[in-house]
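Below: one structure, written as structure tokens.
Ligands are counted one by one from 1 in listed order, and the atoms in each one are counted from 1 as well.
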Amino acid sequence: MKTLVMATNNAHKLAEIREMLGGEYEILGLADVGCNEDIPETAPTIEGNAEMKARYVLEHYGLDCFSDDTGLEIDALGGEPGVHSARYGGVAHDSERNIDKVLRLMAEVPAGRRTARFRTAIVLLQSGRLHRFEGRVEGRILTERHGTGGFGYDSIFQPVEGDGRTFAQMAGNEKNAISHRGRAVAALVQFIKQQA
Ligand code: ITT
């Protein structure tokens, strides 16, 4: 079986991709290849960060690899938090602080101007070639949290394609069907399956 590394230690992301590609590929996470370093993510765009992580794995471990990076782009904040989404509130991966900061900055923004989108970039380095994939979902930023599911900014993001619920009020499979990452991963999987 062919092997592909996903440049993450996020167990949820690994389980999701194994479910979609498990029959055809052995999917390894960073820990599985002995990578315990914090791979630098210092590019100015999510595309750049995804590429940085994938190149790091190829250079250090010599294995085909793909990597994803996601940003929440809020129009009233000039596209922020964007590439800074994980640490917008000042502490890496502290979602509550991240959300507090967004709600504070948007306190005066009227309903009609609260548009936003999640965007996921995936970079695949396979057999020496680079391939890019993207997924996005449009929505609105609410004025307070709704729901307890999901993670990150889910409780304040209401997708336009839904029925008014936030991502945090949806079941995982409902969210994945329309989400940024779900769409980007679907594009990656379709590409990989075509080659198999
Ligand atoms: P890695 O370990 O794989 O790097 P991460 O959590 O650091 O995962 P992501 O690129 O997936 O990095 O996401 C960056 C941030 O964007 C993340 O910390 C969340 O705050 C937010 N985010 C990403 N996907 C999201 C989603 O589906 N719903 C809500 N927030 C999300």
| request: Decide, yes or no, whether a salt bridge links R165 with E174 under the criterion of side-chain N to carboxylate O below 4.0 Å. | output: yes
Could you tell me whether K2 and E24 have a side-chain N and a carboxylate O separated by less than 4.0 Å? no
Sequence neighbours excluded, the answer for ring-ring contact (aromatic ring centres under 6.0 Å, His included) partners of H131 is F191
Sorted by chain and number, sequence neighbours left out, ring-ring contact (aromatic ring centres under 6.0 Å, His included) with H93 holds for none
Quick note, ring-ring contact (aromatic ring centres under 6.0 Å, His included) partners involving residues 158-186, not counting sequence neighbours, are F118-H180, F157-F167
Within the 4.0 Å heavy-atom cut-off around ligand 1, the contacting residues, ordered by chain and number, are T8, K13, E41, K53, D69, T70, S85, A86, H93, F118, F151, G152, Y153, D154, K175, H180, R181
(request) Take D68 and T120 through the side-chain hydrogen bond (donor to acceptor under 3.5 Å, both in side chains) test and state the conclusion after the steps. (result) CA-CA 7 Å; D68 72 323; T120 296; 5.6 Å; no
